[in-house]
Amino acid sequence: MAEAAVKTAPKTWSLRFSDPWLILAVLALTAIGLVMVYSASSSLALKRHMDAAYFFKRQLLHVGVGLGLMIFLARMEYDRLRRWAYPFLGLVFILLVAVLIPGLGHRAGGAARWLRLFGVSIQPSELAKLALMMYMAYSLSAHHDNIRTFSRGFLPHLGMSVVLVLPILAQPDLGMSLMVFTIGLVMMFVAGVRMLYLGGLVVTAIPVVYTLIVAFPYRFQRLAVFLDPWKYRYGAGFQIVHSFLAFGSGGTMGAGLGASKQKLFYLPEPHTDFIFSVLGEELGLWGVALVLSLFLLLVWRGIKTALGARDLFGTYLAMGATLIIGLQAFVNAGVVMGALPTTGLTLPFISSGGSSMVTNFVCVGILLSVSAHRDRKA
């Protein structure tokens with residue numbers, strides 16, 4: 001009788017019912033990130049703030065907040081996110097618009113991308129990725145029976161993607177706009193929206209993106225730098241050329257932790273967008289391979305979680321969460337290695353940045369929740 005009671009007792013969340021490989025990948029990336037943020041930023045932090053550990057301390061705080069949210073979401077039934085989808089979407093849209101209002105949005109480098117709320121700096125475009133993911137997961141699963149129709153399967157999801165992308169474009173931030181739009185596009189593809197509609201959307205988007213590039217001289221210059229970085233090595237190509245030098249001087253084994261020369265004011269903001277270059281210089285090919293392997297492990301476990309989810313909502317949530325982390329990771333790696341034009345996107349769990357770090361941990365918490373509850377009946 002006691003045995004029967006044990007067998008029928010409801011499961012409580014624990015590592016045993018989740019995904020230890022996913023947790024291992026995330027914790028390893030986070031640990032590497034903390035070490036690299038300190039190494040890459042200490043000189044800059046000492047010059048700006050008279051404290052070599054300034055950015056490291058901030059990163060440690062962001063990791064703590066992110067871990068707390070991850071654990072909270074992992075222990076929660078992911079099905080509860082259905083009721084949060086529209087309220088969170090509305091909140092994020094309000095924040096995106098608020099960024100554009102003079103006096104509310106904080107401008108840096110000619111772009112208004114941050115809000116200061118209660119002494120905390122927030123980048124709403126990072127939250128837009130989560131908002132679109134949650135909306136798509138909810139709506140695509142709710143309209144699954146009509147997913148191949150234009151009016152129910154394609155048009156409303158395209159419309160919501162555009163609604164979120166437009167204020168991000170106005171900041172302006174083309175790189176994040178393309179990231180958010182791609183998340184929506186891929187989730188529609190995964191859900192089974194007709195390829196005719198998606199293909200037409202891509203064909204239509206190409207001239208739009210081209211116009212957005214050529215209409216702004218600095219964007220067109222980025223494209224020119226991507227095609228021939230050495231031609232602009234003393235100007236707009238300075239950063240990417242020194243990224244190449246960092247990887248080249250790192251070789252196979254690396255120059256050693258803390259021994260990067262390119263972080264010494266050659267790479268602007270070496271602890272954010274181009275931290276992977278510093279990692280390549282200090283830890284070499286083996287360090288780069290380790291980090292990329294950890295991201296591949298994370299993506300593999302995310303896809304496996306999506307395929308094993310108990311319902312479509314869980315499948316789309318897990319796929320969207322995996323896409324947010326994996327796509328941004330490989331875009332950042334492609335940029336610093338010269339395979340893609342500069343976008344301004346950070347490297348998940350590695351780069352310094354609070355909004356990005358929290359967003360990534362939220363995605364992992366959702367993945368862990370979907371994984372932990374996959375064996376339960378809906």
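Computed from a prediction, not measured in an experiment: that's the story for all the values here.
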Practice problem: Establish, from distance only, whether the side-chain atoms of Ser369 and Glu77 form a donor-acceptor pair under 3.5 Å. | Solution: no
Throw together a table of side-chain donor-acceptor distances under 3.5 angstrom for residues 29-41, partners on residues two or more places apart or in other chains.
unit_1 : atom_1 : unit_2 : atom_2 : d
Thr30  : OG1    : Val26  : O      : 2.7
Ser39  : OG     : Lys263 : NZ     : 3.1
Ser39  : OG     : Glu282 : OE1    : 2.7
Ser39  : OG     : Glu282 : OE2    : 2.9
Ser41  : OG     : Val37  : O      : 2.5

Quiz item: Nearest 0.5 Å, what's the CG-CZ distance between Leu347 and Phe330?
Solution: 9.5 Å
Self-check item: Heavy-atom donor-acceptor pair, Arg152 side chain to Ile147 backbone, under 3.5 Å
Solution: no
Quiz item: Distance-only, no hydrogens or angles: does the Asp173 side chain make a donor-acceptor pair with backbone N or O of Met176 under 3.5 Å?
Solution: yes
Practice problem: Give a yes or no answer on whether the side chain of His49 reaches the backbone of Ala45 with a donor-acceptor pair at less than 3.5 Å. | Solution: no
Quiz item: CZ of Arg219: more than 12 outside heavy atoms within 6.0 angstrom?
Solution: yes
Quiz item: If only atom types and distance count, is the side chain of Ser243 paired as donor or acceptor with the main-chain N or O of Val336 below 3.5 Å?
Solution: yes
Quiz item: Between Lys57 and Asp51, is there a salt bridge with N-O shorter than 4.0 Å?
Solution: yes
Quiz item: Does the side chain of Arg222 come under 3.5 Å of the side chain of Tyr232 through a donor N or O and an acceptor N or O?
Solution: no
Quiz item: Backbone N or O of Thr272 within a donor-acceptor pair of the Ser351 side chain at under 3.5 Å?
Solution: yes
Quiz prompt | Sole residue of Val209, Leu169, Thr182 in side chain to side chain contact (heavy atoms under 4.5 Å, CB included) with Ser177 | solution = Leu169
Self-check item: Check: Gly353 main-chain N/O paired with Ser356 side-chain donor or acceptor under 3.5 Å
Solution: no
Quiz item: Taking atom CE of Met187 and atom OH of Tyr316, what is their separation to the nearest 0.5 Å?
Solution: 8.5 Å
Practice problem: Could you tell me whether the side chain of Ser249 and the main chain of Leu245 form a donor-acceptor pair under 3.5 Å? | Solution: yes
Self-check item: CA sep, side-chain torsions, deciding dist, call: Leu67, Val63, side chain to side chain contact (heavy atoms under 4.5 Å, CB included)
Solution: CA-CA 6 Å; Leu67 280 172; Val63 168; 3.8 Å; yes
